[in-house]
Asks: 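Just passing along the structure, written as structure tokens.
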Amino acid sequence: MNKHFDVIIVGGGMVGTALACALARKGLSTALLEPRIPEPPGEQIDLRVSALSMASHYMLDALGVWANIPTQRCHPYSDMRVWDGEGAIHFDSAELGHAQLGWIAENKAVHYALWQRASTQVNITLLCPARLDTFSQASDGTLRVDLEDGERLRAQLIVGADGGGSRVRQLAGITTAGRDYDQQALVTTVRTEHPHADTAWQRFLPSGPLAFLPLADGQCAIVWSHHSEEARVLAELDDATLGQQLTDAFAGRLGEVTVTGPRGTFPLRMQYARRYVQPGMALVGDAAHIVHPLAGQGVNLGLLDVAALAQVLGQAAQRRRPLAALTTLRRYERWRRGENRLMLQAMDSIERLFGNTLPPLAWLRATGLSLTDRFTPVKRLLARQAMGLNGDLPELARPTLSRNTPM
Ligand SMILES: Cc1cc2nc3c(=O)[nH]c(=O)nc-3n(C[C@H](O)[C@H](O)[C@H](O)COP(=O)(O)OP(=O)(O)OC[C@H]3O[C@@H](n4cnc5c(N)ncnc54)[C@H](O)[C@@H]3O)c2cc1C
């Protein structure tokens, strides 16, 4: 096996695997390290789903991955309805000239389709199961990367796509900042009395947001962010009692709710790495930033990191510039860090505003929601942001490269 690569990617989750596919398009050789062998989707839809933006769709399509995500595991939603006790806002894809606002996709199905695609690329070496132990700079300037099983690899560049607790980030001595929300997201699958109408529904409660996300088989995926202690109590309830709690919390908007799937809870925090790059090293996805899931942006931001880094590295390779040079990597950091920070701060502000029961703030958010709903330019801007269509989009995330772009 060739043990010298252009890039070693640590972490073969959705983001790391997408990066391997994107770099393969640029003709770069990569090794992808992942400890857990990805599984194909099972008979039942898994409890982990993500709202994927239009930009993520364009990108997965351009990478040749979209067509391999089963349609029963990836459902388009055309509307989004968000409300709290007083105000409400409605986004309609038709008003924006699109057939949908985005998709609700099973993580396992997206991940497996990415992994399958990566496994067919000659310039990607999948090392799985494999786990990073440590890395260091060799005297010739290349990187020495040691795996836990004792194997040693070399590369020009190492990329940390190894999630929120990133070992690459720790070994690089990069610190993080952020906030623990003392919340857990309870996730499960439900059937509702009234049809979901291809709409992503979200109600802001003082304890945290509750989302009903439409699935292809008519069911909904639930993401209920709650104070940690109460989330643990909810997770222990029997199906009938949890169904009743969901019906009540959603004020009967979709009628009676019946819990049909298993549950899981995930601790919520906002976290950002103080730097994304240093000579020979870059961070992408959750290794660089973790965002509250209230607007379903985490993996979408990670995929935009991938598209930007692949573009920067592709240009460097074309101009025969070193991939590991700080001047190359800083272009990526400048491109993505500011945009990600803005999104993290926006989600954090929304969480604070809606989690507060003080009357002036309750008035502000109710008025804000209703005013925004009536003020088309702001509403349009917000919708395009959520669809991933604002800002300086990398070429891979633009509709032009996508081979099958429903507009
Ligand atoms: C409840 C909830 C709902 C969410 N909903 C949405 C949504 O609707 N839309 C959205 O865009 N985002 C959503 N997110 C966020 C999204 O799930 C994450 O942002 C995304 O999964 C991060 O992907 P990643 O590949 O960066 O990291 P991860 O998925 O954490 O992958 C990291 C990988 O690195 C591997 N790894 C770790 N250590 C090592 C090592 N030492 N060596 C080798 N490999 C290693 C791990 O095995 C893993 O496969 C949600 C999150 C939560 C908690």
Side-chain angles (χ1 to χ4, degrees), residues 8-20 31-39 46-53 55-57 60 77 80 102-108 110-111 114-115 126-135 145-149 151 153 158-171 181 183-188 200 202 208-211 213 221-226 231 263-271 273 283-306 340 343-344 347 386-388:
I8 291 175
I9 303 167
V10 181
M14 286 188 275
V15 172
T17 314
L19 180 62
L32 181 61
L33 312 186
E34 170 56 43
R36 292 176 295 191
I37 299 169
E39 290 170 9
D46 190 57
L47 78 169
R48 292 300 308 269
V49 302
S50 295
L52 292 182
S53 67
S56 294
H57 158 71
L60 293 170
Y77 63 96
M80 191 190 302
W103 280 262
I104 305 300
E106 182 182 350
N107 288 9
K108 243 186 191 177
V110 176
H111 188 203
L114 277 160
W115 194 263
L126 295 176
L127 295 174
C128 182
R131 189 183 280 277
L132 171 75
D133 182 24
T134 188
F135 69 92
V145 176
D146 293 308
L147 311 191
E148 277 188 357
D149 64 4
E151 189 166 356
L153 312 171
I158 187 168
V159 178
D162 47 349
S166 172
R167 178 149 179 85
V168 173
R169 190 185 65 225
Q170 286 166 15
L171 289 168
Y181 289 112
Q183 283 182 352
Q184 303 250 346
L186 170 75
V187 299
T188 188
Q202 179 145 269
L210 166 61
L213 306 173
I222 298 292
V223 183
W224 193 357
S225 307
H226 224 300
R263 301 103 187 251
T265 52
F266 299 88
L268 300 182
R269 66 186 193 280
M270 188 243 302
Q271 176 178 288
L283 301 173
V284 290
D286 275 22
H289 44 75
I290 299 179
V291 57
H292 195 293
L294 67 87
Q297 286 298 327
V299 81
N300 292 308
L301 297 180
L303 290 176
L304 286 175
D305 295 346
V306 164
N340 288 335
M343 183 60 85
L344 260 64
M347 292 311 114
M387 292 163 85

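Positions are given from 1 along the sequence. Just follow the structure's listing: the first ligand is 1, and inside any ligand the first atom is 1. Values below: all heavy atoms of this structure, side chains included; hydrogens, waters and symmetry mates excluded. Predicted model, so just to flag it, every value in this text is computed and none were measured.
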Asks: Would you check, one step at a time, whether the test side chain to side chain contact (heavy atoms under 4.5 Å, CB included) holds for Phe135 with Val168?
Replies: CA-CA 8 Å; Phe135 69 92; Val168 173; 4.0 Å; yes

Asks: Using 30° and 60° as the class boundaries, would you call the ring planes of His226 and Trp224 parallel, tilted or perpendicular?
Replies: tilted

Asks: Okay, side chain of Gln202, backbone of Pro209: is any donor-acceptor separation there less than 3.5 Å?
Replies: no

Asks: Between Arg167 and Thr134 (side chain of the first, backbone of the second, donor and acceptor by atom type, cut-off under 3.5 Å), is there such a pair?
Replies: no

Asks: Pick out the protein N or O atoms lying less than 3.5 Å from any N or O of ligand 1, and list each pair with its distance.
Replies:
from: ligand 1; atom 1: 8 (O); to: Ala51; atom 2: N; distance (Å): 2.7
from: ligand 1; atom 1: 9 (N); to: Ala51; atom 2: N; distance (Å): 3.4
from: ligand 1; atom 1: 9 (N); to: Ala51; atom 2: O; distance (Å): 3.2
from: ligand 1; atom 1: 9 (N); to: Gly296; atom 2: O; distance (Å): 3.1
from: ligand 1; atom 1: 11 (O); to: Gly296; atom 2: O; distance (Å): 3.4
from: ligand 1; atom 1: 11 (O); to: Gly298; atom 2: N; distance (Å): 3.3
from: ligand 1; atom 1: 11 (O); to: Val299; atom 2: N; distance (Å): 2.8
from: ligand 1; atom 1: 11 (O); to: Asn300; atom 2: N; distance (Å): 3.2
from: ligand 1; atom 1: 11 (O); to: Asn300; atom 2: ND2; distance (Å): 3.2
from: ligand 1; atom 1: 12 (N); to: Gly298; atom 2: N; distance (Å): 3.2
from: ligand 1; atom 1: 12 (N); to: Val299; atom 2: N; distance (Å): 3.1
from: ligand 1; atom 1: 17 (O); to: Arg48; atom 2: NH2; distance (Å): 3.4
from: ligand 1; atom 1: 19 (O); to: Asp286; atom 2: OD1; distance (Å): 2.7
from: ligand 1; atom 1: 19 (O); to: Val299; atom 2: N; distance (Å): 3.3
from: ligand 1; atom 1: 25 (O); to: Val15; atom 2: N; distance (Å): 3.2
from: ligand 1; atom 1: 26 (O); to: Asp286; atom 2: N; distance (Å): 3.0
from: ligand 1; atom 1: 42 (N); to: Leu132; atom 2: N; distance (Å): 3.0
from: ligand 1; atom 1: 47 (O); to: Glu34; atom 2: OE1; distance (Å): 3.4
from: ligand 1; atom 1: 47 (O); to: Glu34; atom 2: OE2; distance (Å): 2.9
from: ligand 1; atom 1: 47 (O); to: Arg36; atom 2: NE; distance (Å): 3.4
from: ligand 1; atom 1: 47 (O); to: Arg36; atom 2: NH2; distance (Å): 3.2
from: ligand 1; atom 1: 49 (O); to: Glu34; atom 2: OE1; distance (Å): 2.6
from: ligand 1; atom 1: 49 (O); to: Glu34; atom 2: OE2; distance (Å): 3.1

Asks: Could you pull out all residues at least two apart from Asp286 that satisfy side-chain hydrogen bond (donor to acceptor under 3.5 Å, both in side chains)?
Replies: none

Asks: Name the one of Asp146, Leu132, Ile158, Leu127 that satisfies side-chain contact (heavy atoms from CB on, under 4.5 Å) with Leu153?
Replies: Leu127

